[in-house]
> 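Questions regarding the structure given below will be posed in turn.
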Amino acid sequence: RRMAVAGRSISMFSLITDGILEPGDGLLTFDYLGKRYTADLLPEGTIQSDGHIYASPYAWASHCKNLVNPEQKTAIGWGHIRYKGIKLSQYKNIYMKKNKLVYEQESPEMLLDHNGTSLLQKKGRRKKIVSDDMSIKAVSSSQLQDSNTTVELPSNQDLANDSQKEKLGKEITHQAALSLTSELVDCVSFEGLGETQPFEILISSNMLLLMDFHSHLCWSEVVGYLGGLYNQKTKTLQIVKVYPCRCSTTNEDENAASEKLIQKQMTSSGLQLVGWYHSHPSSDPLPSVNDVTQQLVYQEVVMSNEGDFPCVGMIISPNLANRRNEIQSTIMSFWVKRRDAMHATPLKLQYTISWEQFLSQDVADEMNLLAAFYRHRHDSIDFKAKWREDIPFVHKLKTSLANVQPKFSQEKSDETFFTFIDQLVFQ
């Protein structure tokens, strides 16, 4: 069973302020390979053990695991730590049910690789991590000056030397990190770190168009997978096909059906899972702390399965709320560089667009399916409404799609294309 949850990340502090957990000494336990570890829960939601403070369950459990088996990369956290003998994940479900959120099931989430096997056994949706299992510390874009962004894995053990800190940028405190998991983080360039992008990315204009169209259909975030091929000799990643998830963030059956269909389609096409995408409906196309964390997990799991094989993230910002006064969407690709056991850096990826001369039938079919799926949802876009005072949403959509539409060779093809868009959104 699969479940997705929308909203800000839930932390230990959330459960304390809601009266579900109470701080105290020796309340937390973690059993691993026959050894039991005990820790204190502090009032601000952090975890104290052996004189060290950890920002999240994942940080503490990972530290304990690494003491015994540092080579094992299994994701651990809420479902592995107990509070007064009961799994933290059960307390989190109580919080989510109490606050009328969708609660998680005990069975794991599956992100599937190109062979249809489990890529990552982890609860939650792949757009925004809901739990703090992989919470990280980061400097939000509002805190940046001219330095690069630091993303620090959750622990107060400072493993980076001063030169690394200066190179990577600023840090923030553990307590602040608890409330910044949905804050946006500036990506740095490879040049800014004195490095070169480790692989080239090629993507069809039709795939960008499909992602842009998907992001315009509702006020909520949308998500999907990227299927493609990687040439290890030339270090070229080709994104061949986009697989939008036609599902609601609160409908378990839709999630399962959508993922099963994508798995089947990707396998039959002989493509590999090379990344994921999601939208930021009205915010900048910068990754949140959760996005950076999720991307790092995906990369490391893909690499452990495939070897030297990249996995990229893409963020589409359609600017639906007109906060930036930009009518065209912005699409950004990013990757995460782990600097050491404690630090990671989100990096902006450059990609090359392969311009199509026609709209392929499979993309047109997918656009039809997406339009039909979102048409009657409560959060769907009313394309007759005004995006701003002088521009309706349908005009905003067409103007944005024009930026990535095929380079039609025949006359009047543009007119035909936009008539097709009208038919999609006004049926």
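Below, each value reflects all heavy atoms present in this structure, side chains not excepted, and no hydrogens, waters or symmetry copies. What you see is a predicted model; the values in this text were computed from it and never measured.
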> Any side-chain donor paired with an acceptor under 3.5 Å for Asp212 and His216?
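Their side chains do contain a donor-acceptor pair, which is all the 3.5 Å distance test asks for.
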> Do Lys241 and Tyr243 meet the cation-pi criteria used here (NZ or CZ under 6.0 Å from the six-membered ring centre, within 45° of the axis)?
yes
> Any idea which heavy atoms bring Val185 and Pro346 closest together, and the distance?
CG1-CG, 3.9 Å
> Minimum heavy-atom separation for Val312 to Ser333, with atom names?
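For Val312 and Ser333, the tightest heavy-atom pair comes out as CB-OG, 4.1 Å.
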> Would you check if Phe199 and Thr236 make a side-chain contact, meaning some heavy-atom pair closer than 4.5 Å?
no
> Taking Thr330's backbone N and O only, do any of them form a donor-acceptor pair with Ser317's side chain (distance below 3.5 Å, no angle check)?
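Pair absent, no side-chain N/O of Ser317 close to backbone of Thr330.
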> With a 4.5 Å cut-off on side-chain heavy atoms, are Glu191 and Leu193 touching?
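No. Closest side-chain heavy atoms not under 4.5 Å.
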> With a 6.0 Å cut-off (strictly less than), is the heavy-atom count around NZ of Lys264, excluding the residue itself, greater than 12?
no
> Looking at Cys311 and Tyr298, what are the two nearest heavy atoms and their distance?
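So the minimum-distance heavy-atom pair works out to SG-CB, 4.0 Å.
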> Considering all heavy atoms of both residues, which atom of Asp291 and which atom of Leu286 are nearest to each other, and what is their separation?
OD2-O, 4.4 Å
> Determine whether Ile203 and Leu208 make a side-chain contact, defined as any pair of heavy atoms from C-beta on separated by less than 4.5 Å.
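Of all side-chain heavy-atom pairs linking Leu208 with Ile203, at least one is under 4.5 Å.
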> How long is the span from the CG atom in Asp18 to the CD1 atom in Ile94, to the nearest 0.5 Å?
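Answer for the CG-CD1 pair, Asp18 versus Ile94, is 10.5 Å.
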> Mark yes or no for whether Ser400, through its side chain, and Ser329, through its backbone, hold a donor-acceptor pair below 3.5 Å.
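Pair found, side chain donor or acceptor close to backbone of Ser329.
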> Can a donor-acceptor pair be found between the side chains of Ser360 and Asp362 at a distance below 3.5 Å?
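Yes - a donor-acceptor pair under 3.5 Å links their side chains.
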> If you apply the rule side chain to side chain contact (heavy atoms under 4.5 Å, CB included), what do you find for Thr352 with Ile201, and how did you get there?
CA-CA 6 Å; Thr352 301; Ile201 302 174; over 6 Å; no
> Okay, side chain of Ser268, backbone of Gln265: is any donor-acceptor separation there less than 3.5 Å?
yes
> Is there a donor-acceptor pair closer than 3.5 Å between any side-chain N or O of Gln299 and the backbone N or O of Val336?
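Yes, Gln299 side chain to Val336 backbone: donor-acceptor pair under 3.5 Å.
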> Is the shortest heavy-atom distance from the side chain of His395 to the side chain of Ile327 under 4.5 Å?
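With C-beta onward as the side chain, the pair touches.
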> Is Arg388 reaching over with its side chain to a backbone N or O of Phe393, donor-acceptor style, under 3.5 angstrom?
no
> Could you tell me if Asp379 and Ser220 have a donor-acceptor pair between their side chains, going purely by distance under 3.5 Å?
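Yes.
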> Do the non-hydrogen side-chain atoms of Tyr277 and Ser215 ever get within less than 4.5 Å of each other?
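No, their side chains stay 4.5 Å or more apart.
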> Once you measure the plane-to-plane angle for Phe408 and Phe417, does it fall in the parallel (<30°), tilted (30-60°) or perpendicular (>60°) bin?
tilted
> Whether the Trp276 and Gln295 side chains hold a donor-acceptor pair (N or O, under 3.5 Å, no angle test) is what I'd like checked.
yes
> Are the side chain of Ser204 and the backbone N or O of Asn206 linked by a donor-acceptor pair below 3.5 Å?
yes
> Please walk me through it: do Gln361 and Asp365 pass side chain to side chain donor-acceptor pair (under 3.5 Å)?
CA-CA 6 Å; Gln361 187 61 51; Asp365 291 343; 2.8 Å; yes
> May I ask you to decide if Thr399's main-chain N or O and Asn403's side chain share a donor-acceptor pair within less than 3.5 Å?
no
> Using salt bridge (Lys or Arg N to Asp or Glu O under 4.0 Å) as the criterion, list what pairs up with Glu326, not counting sequence neighbours.
Arg324
> If we only count heavy atoms from C-beta on, is the Leu41 to Leu21 side-chain gap below 4.5 Å?
yes
> So, taking the atom named CG in Leu202 and the one named CG in Leu229, what distance separates them when rounded to the nearest 0.5 Å?
11.0 Å
> Examine distances only and state if a side-chain atom of Ser279 and a backbone atom of Val222 form a donor-acceptor pair shorter than 3.5 Å.
yes
> Does Leu42 offer a backbone N or O that forms a donor-acceptor pair with the side chain of Thr46 under 3.5 Å?
no
> With heavy-atom distances below 4.5 Å as the criterion, would you say the side chains of Cys245 and Ile262 are in contact?
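They are in side-chain contact.
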> If we count only N and O atoms by modelled type, under 3.5 Å, do the side chains of His280 and His278 hold a donor and an acceptor together?
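Present: a donor and an acceptor within the cut-off.
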> Would you call Pro406 and Trp355 a side-chain contact if the rule is heavy atoms closer than 4.5 Å?
no
> Whether the side chain of Tyr91 engages the backbone of Tyr83 through a donor-acceptor N/O pair (distance < 3.5 Å, no angle test) should be reported.
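Yes, Tyr91 side chain to Tyr83 backbone: donor-acceptor pair under 3.5 Å.
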> Say you draw a straight line from OH of Tyr351 to CE of Met207; how long is it, rounded to the nearest 0.5 Å?
13.5 Å
